[in-house]
Colleague: 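Please find one structure pasted underneath; my questions will follow.
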Amino acid sequence: MTEPIDEYCVQQLKEYDGKNLVSVTKEGVELPEDEEAKKKFEEDKATYEGLCKIMKDILDNKVEKVCVSQRLVTSPCCIVTSQYGWTANMERIMKAQALRDNSSSVTWLPRSTLN
């Protein structure tokens, strides 16, 4: 997926060959897990709730929210877009539009989530 048109197409294509397509760069991605993993995730979520609040206070209006995630294995954090917002690539494409109106750009800028 290297062409700008790919981004537009994939947003409209929700299913392929009987499989649902999900963007991993958006919040709300659910990975298969067992009961033990769910229990550990809930414990981790409770453990790091204070840290998430402190990080949100520090980052203030730069992110929408800070939350614990199961999608990370070797990285300490990642920034994802809202479930119904633009992907980071789509935001890049929209910012690069030659005839865009700079005065309205603030209204469509998505706010990210730190996972």
Side-chain angles (χ1 to χ4, degrees):
M1 301 268 170
T2 58
E3 301 296 324
I5 192 68
D6 295 336
E7 186 71 29
Y8 293 101
C9 292
V10 171
Q11 285 184 358
Q12 300 306 314
L13 184 66
K14 303 294 181 200
E15 184 179 320
Y16 177 75
D17 198 22
K19 305 286 185 186
N20 290 332
L21 298 178
V22 179
S23 175
V24 296
T25 64
K26 293 187 174 190
E27 69 178 337
V29 173
E30 295 181 13
L31 303 172
E33 59 186 352
D34 59 358
E35 289 300 319
E36 185 177 315
K38 284 182 184 179
K39 184 178 177 184
K40 176 151 178 28
F41 176 67
E42 290 302 322
E43 291 173 358
D44 290 345
K45 202 171 175 182
T47 302
Y48 295 110
E49 184 178 352
L51 176 63
C52 290
K53 186 177 181 325
I54 290 169
M55 290 179 72
K56 171 61 179 149
D57 291 342
I58 291 170
L59 296 171
D60 195 26
N61 64 350
K62 294 179 180 148
V63 295
E64 184 178 343
K65 63 183 175 181
V66 176
C67 58
V68 177
S69 173
Q70 291 179 297
R71 74 172 76 197
L72 303 175
V73 177
T74 58
S75 300
C77 66
C78 71
I79 296 179
V80 296
T81 57
S82 68
Q83 186 173 4
Y84 301 105
W86 287 343
T87 62
N89 191 36
M90 179 57 92
E91 184 180 345
R92 181 187 59 78
I93 291 168
M94 294 304 289
K95 283 182 179 180
Q97 293 295 313
L99 300 175
R100 74 180 175 105
D101 180 12
N102 289 332
S103 64
S104 65
S105 65
V106 175
T107 59
W108 57 261
L109 281 175
R111 299 215 15 205
S112 300
T113 300
L114 182 66
N115 278 336

Colleague: Tell me whether the count of non-hydrogen atoms from other residues, nucleotides or ligands lying under 6.0 Å of CD in Glu36 goes above 12.
Modeller: no
Colleague: At their closest point, which heavy atom of Leu72 faces which heavy atom of Cys78, and how far apart are they?
Modeller: CD2-SG, 3.7 Å
Colleague: Applying side-chain contact (heavy atoms from CB on, under 4.5 Å), name anything that partners Glu49, two or more places apart in sequence or on another chain.
Modeller: none
Colleague: Do Lys56 and Val63 come within less than 4.5 Å of each other through their side chains, counting heavy atoms only?
Modeller: yes
Colleague: Apply side-chain contact (heavy atoms from CB on, under 4.5 Å) to residues Glu15 and Leu21 and explain how you reach the verdict.
Modeller: CA-CA 5 Å; Glu15 184 179 320; Leu21 298 178; 6.0 Å; no
Colleague: Between atom SG of Cys52 and atom NZ of Lys45, what is the distance when rounded to the nearest 0.5 Å?
Modeller: 9.5 Å
Colleague: To the nearest 0.5 angstrom, please state how far the CD1 atom of Ile5 sits from the CD1 atom of Ile93.
Modeller: 9.0 Å
Colleague: Please give me the minimum heavy-atom distance between Val80 and Lys26, naming the atom from each residue.
Modeller: CB-C, 4.1 Å
Colleague: Are Val68 and Leu51 linked, directly or through intermediate hydrophobic residues, by side-chain heavy-atom contacts shorter than 4.5 Å (ILVMFWY only)?
Modeller: yes
Colleague: For the atom pair CG (Leu13) and CG (Asp6), what is the distance rounded to the nearest 0.5 Å?
Modeller: 11.0 Å
Colleague: Measure the shortest side-chain to side-chain distance between Arg71 and Val29 over non-hydrogen atoms and say whether it is less than 4.5 angstrom.
Modeller: yes
Colleague: Please report the shortest heavy-atom distance between Ser82 and Glu64, naming the atom on each side.
Modeller: CB-OE1, 4.4 Å
Colleague: Could you check whether Lys38 pairs with Asp34 (Lys NZ or Arg NE/NH1/NH2 to Asp/Glu carboxylate O, under 4.0 Å)?
Modeller: no
Colleague: How long is the straight-line distance from CD of Glu27 back to OG of Ser69, given to the nearest 0.5 Å?
Modeller: 10.5 Å
Colleague: So if you build clusters from Ile, Leu, Val, Met, Phe, Trp, Tyr with side-chain heavy-atom gaps below 4.5 Å, do Met55 and Tyr48 land together?
Modeller: yes
Colleague: Is there side-chain contact between Glu30 and Val22, with heavy atoms separated by less than 4.5 Å?
Modeller: no
Colleague: Return the CD to CG distance between Gln70 and Asp44, rounded to the nearest 0.5 Å.
Modeller: 8.5 Å
